[in-house]
Amino acid sequence: MEVVAVVRRGVVRRAVAAVSAALAVVLVAGAAGTAGAAEGGPEADVAYHGRVSLAAGRLGILLIPENQGPAALPTATLRLRLSAALADRQPLIEGCARVGLREVVCETGALPEHGQGRHIGLALRLKERPTEVTLRIDTWWNGGATDRNVHNNEHVVLALETGDVYAF
């Protein structure tokens with residue numbers, strides 16, 4: 001059994017399911033987002049900005065989701081994918097869930113038109129102490145909204161194990 005996140009109406013909830021069920025959740029969430037966009041859902045420009053640092057086997061992330069309009073979104077879910085495995089036990093803030101060995105998803109909270117969602121701060125423990133970690137950030141679910149500018153919500157950040165802060 002594997003712990004996976006079930007996303008329903010933008011709320012991240014923990015559920016226990018078999019690996020095949022995890023695949024079904026991802027397929028259903030992806031199909032729902034695609035279907036909403038094809039049916040002419042609201043248009044919103046979701047963007048993520050923040051900073052990342054790596055030191056002593058911990059990846060620190062401060063992330064601020066934004067909506068540059070033209071429509072407000074009740075919520076969205078962002079995905080963080082790491083090049084290094086997470087530690088087995090991973091305390092996460094409310095609204096975030098682990099969805100794999102190297103992935104975490106977090107709810108953004110309401111994204112008002114031309115406004116910010118909740119600030120997301122994570123201190124992710126890693127299984128080993130790598131010299132570098134690549135962090136990939138993207139939108140996992142946006143409620144079927146159309147986003148014509150995905151360049152500001154898809155980021156790849158390389159963090160070296162120096163404790164230095166890298167902005168995106």
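Residues passing the side-chain contact (heavy atoms from CB on, under 4.5 Å) test with Asn152, sequence neighbours excluded: Asp45, Ala47, Gln68, Asn149. Taking Ser53 as the reference, Val165 meet the side-chain contact (heavy atoms from CB on, under 4.5 Å) condition, with sequence neighbours excluded. Scanning for side-chain contact (heavy atoms from CB on, under 4.5 Å) contacts around Leu160 gives Glu132, Leu158, Thr162, Tyr166, with sequence neighbours left out. Listed by chain and number, the residues in a salt bridge (Lys or Arg N to Asp or Glu O under 4.0 Å) with Arg118 amount to none (sequence neighbours excluded).
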Apply the test salt bridge (charged side-chain N to carboxylate O under 4.0 Å, His left out) to residues Arg98 and Glu103: give CA-CA distance (whole Å), side-chain angles for both, the deciding distance (0.1 Å), then the verdict. CA-CA 6 Å; Arg98 183 176 180 166; Glu103 288 186 42; over 6 Å; no
Applying side chain to side chain contact (heavy atoms under 4.5 Å, CB included), run through Leu59 and Val52 and close with a yes or a no. CA-CA 7 Å; Leu59 186 68; Val52 177; 3.5 Å; yes
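From Trp140, atom CH2 reaches atom CD of Glu107 across 12.5 Å, with rounding to the nearest 0.5 Å. Between Leu54 atom CG and Asp164 atom CG the span is 10.0 Å, to the nearest 0.5 Å. To the nearest 0.5 Å, atoms CG (Leu78) and SG (Cys96) are separated by 7.0 Å. Distance check: Asn142 CG to Leu73 CG gives 6.5 Å after rounding to the nearest 0.5 Å. One distance of note links CD1 of Ile64 with NE2 of His119; it measures 4.0 Å at 0.5 Å rounding. Atom CG of Leu63 sits about 8.0 Å away from atom SG of Cys106, to the nearest 0.5 Å.
Remark: the Thr108 side chain and the Tyr48 side chain contain no N/O donor-acceptor pair separated by less than 3.5 Å.
For the pairing with Thr139, the side-chain hydrogen bond (donor to acceptor under 3.5 Å, both in side chains) check across Asp147, Asn153, Thr77 returns one residue only, Asn153.
Applying the salt bridge (Lys or Arg N to Asp or Glu O under 4.0 Å) rule to pairs touching residues 57-82 yields Arg79-Asp138, Arg81-Asp138, sequence neighbours excluded.
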Which pairs of donor and acceptor atoms, one on a side chain in residues 122-129, lie under 3.5 Å apart (sequence neighbours left out)?
unit_1: Arg125; atom_1: NH2; unit_2: Arg89; atom_2: O; d: 2.4
unit_1: Lys127; atom_1: NZ; unit_2: Asp88; atom_2: OD1; d: 3.2

